[in-house]
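Let me begin by presenting the structure, written as structure tokens, before commenting on it.
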Amino acid sequence: MKKVVSVLLTVLMTGTLLVCTGCGAKKQLVMATNAEFPPYEYHEGENIVGIDVEIAQAIADEVGAELVIEDMAFDSILTAVQSGKADMGIAGLTITEDRLQNVDFSNSYAIATQVIIVNQDSAIDDPDDLGGKTIGVQLGTTGDIYAEDIEDATIERYNKGFEAVQALLQNKVDAVIIDNEPAKVFVEQNEGIRIVDKEFTVEEYAIAVKKGNSDLLEKVNKAIEKLQESGKLQEIVDKYIKAE
Ligand code: ARG
């Protein structure tokens, strides 16, 4: 009898365990990012915060999932999305033809420009002045791609945008090509550097998902649309970007 009871118990417990696998645990939505890009994603104490993080949270709510943030090197983000290691790449990612070969992009949620940061006393005042110069960029960004087209330029690639700015402060590079909003943050936080008035290019930020993942893409677009129509997106932007 004792044996029967214990076998019964075991069967019952195993059954319960099987049924309850994943019980209560919300499904996860993994966001790949590179939190070196204020105000879109950056570290604040132990947390990763920013415009993209709040957008990602809204998408997770739409999907009914728990948001998990994976912070990685910028040039690993698209691979993580392609391999399924992450569900979506949200990192101030510019839509480009090349990237569209490897991932699908959502509708755009922000317009950005590439700008040039130089030392206060620099003679560089236009993208055309960059020929032959040493240019600092974050590895794998569109700034990196544009720098490649500049005649006779030497490109110094850094893992973080801010490292390129530090190189500029130390006169190791003549200029940094980077997105306008992080540029504003870095210039504000450091004496002696300025943003060149003439911009490089205009770009659109969007969210990357694995090619063919139309189910998630649809939910991402729906979340973006809701954020835009309710005015919530503007609220998020205003929270992180103070009007000049
Ligand atoms: N917009 C640029 C690009 O897509 C730079 C993005 C950098 N983002 C980041 N989180 N570090 O290449």
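All values reported here derive from a predicted model rather than from experimental measurement. One-based numbering, in listed order, for ligands and for the atoms of each.
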Give every pair formed by an N or O atom of ligand 1 and a protein N or O atom closer than 3.5 Å, one pair per line with both atom names and the distance to 0.1 Å, or write none.
from	atom 1	to	atom 2	distance (Å)
ligand 1	1 (N)	G92	O	2.8
ligand 1	1 (N)	T94	OG1	2.7
ligand 1	1 (N)	D179	OD2	2.6
ligand 1	4 (O)	T94	N	2.9
ligand 1	4 (O)	T94	OG1	3.3
ligand 1	4 (O)	R99	NH1	2.8
ligand 1	8 (N)	A91	O	2.8
ligand 1	10 (N)	N34	O	2.9
ligand 1	10 (N)	E41	OE2	3.0
ligand 1	10 (N)	A91	O	3.3
ligand 1	11 (N)	N34	OD1	2.8
ligand 1	11 (N)	Q138	OE1	3.1
ligand 1	12 (O)	R99	NH1	3.4
ligand 1	12 (O)	R99	NH2	2.8
ligand 1	12 (O)	T142	N	2.8

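Judged by distance alone, with hydrogens and angles left aside, the side-chain atoms of N180 form no donor-acceptor pair with the main-chain N or O of V115 at under 3.5 Å. Proximity of a side-chain donor or acceptor of R99 to a complementary backbone N or O of F105 within less than 3.5 Å is not detected.
Between Q138 and N159 the shortest heavy-atom distance is NE2-O, 2.9 Å.
The six-membered or imidazole ring of Y40 lies near that of Y205, with a centre-to-centre distance under 6.0 Å.
Counting non-hydrogen atoms of neighbouring residues, nucleotides and ligands closer than 6.0 angstrom, the CD atom of E191 reaches no more than 12 such neighbours.
At least one side-chain heavy atom of V49 sits less than 4.5 Å from a side-chain heavy atom of Y240.
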